[in-house]
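Written out below as structure tokens is the structure these notes cover.
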Amino acid sequence: MTTPEETQTLPLMSPQEPSSPPSSRLGVTLETHILEGMMGKPYASGAFTSLLNQLAFAAKQVSSKVRRAGLGNALGYTGVTNVQGELVQKLDEEANSTILRVLGRRHHCAAAATEEEEEVRVLSSHPSSKYLVVFDPLDGSSNIDVNISIGTIFGILHRFPDGERHDRPPTEADFLRPGRDLLAAGYVIYGSSTMLVLASGEGVHGFTYDPVIGDFFLSHENIRVPERGDSYSVNESNADLWEPAVRDWVASLKRPKPDGKRGRTLRWVGTLVADAHRTLLRGGIFAYPADSSNPTGRLRLLYEANPFAFIFEAAGGAASTGQGRVVDVVPERLHQRIPLALGSKLDVADYETFLRKA
Ligand code: ZN
């Protein structure tokens, strides 16, 4: 099949415009982008590109299931037995098993840690399986019933960080590494369109899924988080549970500007992927601080906070626990929670100023 980038002709460089930017790569497929972007990288083995393509393939499958979810409910599919005689699974469990199944087909991924499973899932202990994958199969799945954007979050770690290969099956301890060790991270948002955003060493790029062609195409090249944004995103119903420093910070955002113009705008979806995606593109800040009912924070460090922290830093933004960089935190447990703020560099710096005073 002919894909758009094969028929695309490069724009001719005009001699009158010596300073015109390098020709855009908009419209290339994710697969082409991964293959070309990985050339010359130390970790850019065929296995790594193949693993990224597997994750993209899994995302297509989950997207297709998400797109049919409403239909399933309308037609009463849920809870019934399918043609294979299996009970139709809940969508988040289905997304989880889909991603694990795809990862298990080739032997690049030795083990996965997923939000849906208590223990690490070992897929291959062969020494040639060089990667570990962390993922949240369907973030915000409680929003499915009301047709709000949901998403998949993932990160890739090297299985042998010290270079020594062995055939010992991976354990939880292999996953307890700080976010700065990630080789790549990304997320898929199932919104008005399905989009995959990937940070794999050279900037952050967004790919929009064309369901007719069945592929992801580069639509958001080199995403950069604005230095400051107009909105803040926080669950204000927790205000009475916050420590005073968090309340002071939110009050400072709402305060009208000296010229009488209103303060910042609140934007809160309640799906991490949706709130983080908007913050990545528009700037501002998303925060889920600790509170008295979640004293160590609410979001999960390994497969929620770390992938997003990696992405935001790669896009020129910031990610903080309130006390320091998220990617520096060394995890102690697989499903550990952490206070998280993501966003524009200056907005996250202000947040830290308030929280450090506490
Ligand atoms: Zn989640």
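Everything quoted here is computed from the prediction, not taken from an experiment.
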I'd like to know if the side chain of [X] and the backbone of [Y] have a donor-acceptor N/O pair within less than 3.5 Å.
{"X": "Asn53", "Y": "Thr49", "answer": "yes"}
{"X": "Arg300", "Y": "His335", "answer": "yes"}
{"X": "Arg356", "Y": "Gln323", "answer": "yes"}
{"X": "Glu117", "Y": "Thr114", "answer": "no"}
{"X": "Glu221", "Y": "Arg25", "answer": "yes"}
{"X": "Arg177", "Y": "His158", "answer": "yes"}
{"X": "Ser320", "Y": "Gly324", "answer": "yes"}

**Prompt:** Between Lys90 and Glu116, is the closest basic N to carboxylate O distance under 4.0 Å?
**Reply:**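 Between Lys90 and Glu116 there is no salt bridge, as every charged N stays at least 4.0 Å from the carboxylate O atoms.
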
Answer yes or no: is there an ion pair linking Asp275 with Arg267, defined by an N-O contact shorter than 4.0 Å? no

To the nearest 0.5 Å, what is the distance between [atom1] ([X]) and [atom2] ([Y])?
{"X": "Tyr288", "Y": "Trp268", "atom1": "OH", "atom2": "CH2", "result": "5.5 Å"}
{"X": "Asp139", "Y": "Ser149", "atom1": "CG", "atom2": "OG", "result": "11.0 Å"}
{"X": "Thr296", "Y": "Asp291", "atom1": "OG1", "atom2": "CG", "result": "9.5 Å"}

By salt bridge (Lys or Arg N to Asp or Glu O under 4.0 Å), which residues pair with [X], not counting sequence neighbours?
{"X": "Asp174", "answer": "Arg168"}
{"X": "Lys60", "answer": "Asp215"}
{"X": "Asp347", "answer": "Arg228, Arg264"}

Between [X] and [Y], a side-chain donor and acceptor under 3.5 Å:
{"X": "Arg282", "Y": "Ser231", "answer": "no"}
{"X": "His126", "Y": "Ser128", "answer": "yes"}
{"X": "Thr98", "Y": "Gln61", "answer": "no"}

Give the minimum heavy-atom separation between [X] and [Y], together with the two atoms involved.
{"X": "Asn222", "Y": "Gly203", "answer": "OD1-CA, 4.3 Å"}
{"X": "Leu241", "Y": "Ser293", "answer": "CD1-OG, 3.7 Å"}
{"X": "Val273", "Y": "Val188", "answer": "CG1-O, 3.9 Å"}
{"X": "Ser193", "Y": "Thr208", "answer": "OG-CG2, 3.8 Å"}
{"X": "Leu299", "Y": "Leu340", "answer": "CD1-CD2, 3.7 Å"}
{"X": "Ser124", "Y": "Ser129", "answer": "OG-OG, 2.6 Å"}

Take atom [atom1] in [X]; do more than 12 heavy atoms of anything else shown fall under 6.0 Å from it?
{"X": "Glu172", "atom1": "CD", "result": "yes"}
{"X": "Asp230", "atom1": "CG", "result": "no"}
{"X": "Glu236", "atom1": "CD", "result": "yes"}
{"X": "Arg298", "atom1": "CZ", "result": "no"}

_Taking the ring centre of each residue, are His108 and Phe48 less than 6.0 Å apart?_
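Aromatic pair excluded; centres sit 6.0 Å or further apart.
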
So the ring-ring contact (aromatic ring centres under 6.0 Å, His included) pairs with at least one residue in residues 308-334 (sequence neighbours excluded) are Tyr187-Phe308

Just say parallel, tilted or perpendicular for the rings of His166 and Phe160, cut-offs at 30° and 60°.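 Answer is perpendicular, since the angle exceeds 60°.
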
task: Taking side chain to side chain donor-acceptor pair (under 3.5 Å) as the test, write out the residues that go with Ser252, two or more places apart.
output: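 If we apply the side chain to side chain donor-acceptor pair (under 3.5 Å) test to Ser252, skipping adjacent residues, there are no hits.
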
Applying side chain to side chain donor-acceptor pair (under 3.5 Å) to Arg325 and not counting sequence neighbours gives Glu313

Only residue of Ile153, Leu100, Leu302 satisfying side chain to side chain contact (heavy atoms under 4.5 Å, CB included) with Phe135 is Leu100

